[in-house]
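Here's the structure, in structure tokens; my notes come after.
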Amino acid sequence: MASDIVFVIALMGVVSAVWGALAIPRLRRRLPKIYLIARSWWFMLAALFGCYAIAKIADRHAELLTSRYPYQWLLIGFFVLIGLRGGYEIKRIWCLPSRARLIHKLQSHGLQPSVTPTSSADHTASATTPHYTHPTGLDGLLSMAFVALIVSLIALQQLTWQREQYGVLLFVLFASQFNDIAQYLCGRLLGHRLFSRGLAPRISPNKSIEGAVFGSMCAALLASLLGVWLTGFEWWLCLLAAYGLAVSGIAGDLLESAFKRQHGIKDTGTMLAGHGGVLDRIDSLLIGVPIFTVLYWLLG
């Protein structure tokens with residue numbers, strides 16, 4: 001069995017076991033948010049891996065199939081759906097009435113302070129138009145990064161399929177996601193022990209320098225081991241790529257945090273329990289994936 005399919009099965013097994021353990025009533029009462037995060041992870045991975053596995057198996061056994069349906073479009077369709085949902089979340093925040101409804105919904109779930117700071121964008125908008133804010137440079141930067149991400153995911157999928165390096169796509173996605181988890185854990189264990197100042201206190205007060213430094217290092221090491229297994233690349237190349245994805249993931253996270261703070265919201269949605277919106281979940285991919293895709297295309 002191919003290494004990428006083994007990875008898919010193993011990771012789904014681990015997430016299923018964690019979700020099952022956290023579903024025990026005693027643990028669920030003690031760790032309600034972690035339970036919701038594990039549950040959301042399971043559904044997200046099931047959707048991604050389902051599309052990936054069907055596309056991969058169908059592509060490898062195309063000569064045995066009577067249908068000429070291009071199964072890899074399932075995976076592309078998955079990325080397109082992410083793009084549509086993320087675009088909707090951005091547009092909803094620009095529209096003042098829908099943003100007010102989002103803030104009310106977040107407050108009802110206990111995810112938003114009852115008193116929401118009013119951003120300068122709101123003052124400008126209220127004086128000029130009753131419905132929409134004027135997109136700022138930060139809004140434009142986030143929107144361009146998001147569009148570039150969706151285009152890059154589709155392009156990377158096509159490139160990896162053409163070169164029969166299927167595991168590269170999984171390596172890129174999970175190198176970024178491992179970084180999120182490692183930053184969180186290192187931040188909880190080591191946060192503010194070495195540096196009293198946070199990483200970016202005005203943008204994301206909960207992020208610590210220790211979490212960013214040690215988390216990115218741990219994520220890069222783990223992801224590089226995974227990369228050697230999935231991609232067949234040299235270890236040093238996997239380590240370099242994994243560390244680059246980790247560092248760019250921090251930048252993407254801060255970009256989205258600045259966007260949310262500018263508009264006075266805590267999350268871009270409530271679709272993914274424990275995570276927020278789709279944009280909250282993929283922010284670590286915003287910068288690193290487009291850069292990796294371009295380099296993979298040029299140097300591959």
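Val247 and Leu255 are not part of a single hydrophobic cluster, where members link through side-chain heavy atoms under 4.5 Å apart. A chain of hydrophobic side-chain contacts below 4.5 Å, direct or via other Ile, Leu, Val, Met, Phe, Trp or Tyr residues, connects Ile154 to Val294. With hydrophobic clusters built from ILVMFWY side chains whose heavy atoms lie under 4.5 angstrom apart, Met217 does not share a cluster with Leu221. Residue Ile181 is not grouped with residue Leu225 when hydrophobic side chains (ILVMFWY) are merged at heavy-atom distances under 4.5 angstrom, including chains of intermediate members. Placement of Trp236 and Val172 within a single hydrophobic cluster is found when ILVMFWY residues are connected by side-chain heavy-atom separations under 4.5 Å, directly or transitively.
In this structure, Lys260 contributes its side chain and Asp267 its backbone to no donor-acceptor pair below 3.5 Å. Side chain of Gln183 to main chain of Gly215: no donor-acceptor pair is present (N/O by atom type, distance under 3.5 Å, no hydrogens or angles). A donor-acceptor pair under 3.5 Å is formed between the side chain of Ser40 and the backbone N or O of Ala273. Between the Ser257 side chain and the Asp253 main chain, a donor and an acceptor come within less than 3.5 Å of each other. Between the side chain of Tyr166 and the backbone N or O of Ile5, no donor-acceptor pair lies under 3.5 Å. Using a distance-only test at 3.5 Å, with no hydrogens or angles considered, no donor-acceptor pair links the side chain of Asn179 to the main chain of Ser176. Counting only distance, with no hydrogens or angles, the side chain of Gln177 and the backbone of Leu285 share no donor-acceptor pair below 3.5 Å. Panel note: side chain Gln157, backbone Ile76; no donor-acceptor pair is recorded below 3.5 Å. Looking only at distances, a side-chain donor or acceptor of Glu210 sits under 3.5 Å from a matching main-chain atom of Arg193. One N or O on the side chain of Glu89 and one on the backbone of Leu279 form a donor-acceptor pair closer than 3.5 Å.
The shortest distance between side-chain heavy atoms of Leu226 and Trp229 falls below 4.5 Å. Taking 4.5 Å as the limit, every side-chain heavy atom of Lys56 sits out of range of all side-chain heavy atoms of Phe49. The side-chain heavy atoms of Met144 and Pro290, taken from C-beta on, include no pair separated by under 4.5 Å. By the 4.5 Å heavy-atom criterion applied to side chains, Phe195 and Ser208 are not counted as neighbours.
Scanning both residues, Phe171 and Gly227, for their nearest heavy atoms gives CD1-CA, 3.5 Å. Leu22 approaches Ala38 most closely through the heavy-atom pair CD1-CB, 3.8 Å. Among all heavy-atom pairs drawn from Leu272 and Val278, the shortest one is CD1-CA, 4.3 Å. Considering every non-hydrogen atom in both Gly86 and Phe146, the closest pair reads CA-CZ, 3.5 Å. Of all non-hydrogen atoms in Gly274 and Ile37, the two that sit nearest each other are O-CG1, 3.5 Å. Considering all non-hydrogen atoms of both residues, Ser98 and Cys95 come closest at OG-O, 3.0 Å.
The structure places CG of Leu159 at 10.0 Å from OG of Ser152, a figure rounded to the nearest 0.5 Å. Interatomic distance, NE2 of His275 versus OG1 of Thr268, reported as 12.0 Å (0.5 Å rounding). Rounding to the nearest 0.5 Å gives a distance of 9.0 Å between OG of Ser284 and CG of Leu149. With values rounded to the nearest 0.5 angstrom, Phe259 atom CZ is found 14.0 Å from Ile203 atom CD1. Rounding to the nearest 0.5 Å places CG of Leu102 at 4.5 Å from CZ of Arg92. To the nearest 0.5 Å, atoms CD (Gln165) and CG (Leu156) are separated by 10.0 Å.
Dense packing is recorded around CZ of Arg163, with more than 12 heavy atoms of other residues, nucleotides or ligands lying under 6.0 Å away. Taking a 6.0 Å sphere around CE of Met44, one finds it holds more than 12 heavy atoms contributed by other residues, nucleotides or ligands.
Of the candidates Phe7, Phe174, Trp161, Trp161 is the only one forming a ring pair (Phe, Tyr, Trp, His ring centres under 6.0 Å) with Tyr52.
Between Phe233 and Tyr296, the ring planes are tilted. Angles from 30° to 60° get that label.
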*Evaluate side-chain contact (heavy atoms from CB on, under 4.5 Å) for Ile250 paired with Leu199, printing each intermediate quantity in order.*
CA-CA 10 Å; Ile250 297 172; Leu199 180 65; 3.8 Å; yes
*Dump the intermediate steps for side-chain hydrogen bond (donor to acceptor under 3.5 Å, both in side chains) on Arg39 and Tyr35, then the final yes or no.*
CA-CA 6 Å; Arg39 187 181 69 177; Tyr35 168 80; 4.6 Å; no
*Apply the test side-chain contact (heavy atoms from CB on, under 4.5 Å) to residues Leu45 and Met12: give CA-CA distance (whole Å), side-chain angles for both, the deciding distance (0.1 Å), then the verdict.*
CA-CA 7 Å; Leu45 292 177; Met12 280 302 300; 3.5 Å; yes
*Apply the test side-chain contact (heavy atoms from CB on, under 4.5 Å) to residues Leu153 and Leu173: give CA-CA distance (whole Å), side-chain angles for both, the deciding distance (0.1 Å), then the verdict.*
CA-CA 9 Å; Leu153 285 172; Leu173 291 176; 3.8 Å; yes
_Quick one, Leu185 with Phe214, criterion side-chain contact (heavy atoms from CB on, under 4.5 Å). Give me CA distance, side-chain angles, the key distance, then yes/no._
CA-CA 10 Å; Leu185 294 176; Phe214 295 106; over 6 Å; no
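Between the side chains of Trp235 and Ser224, no donor-acceptor pair is found at a separation under 3.5 Å.
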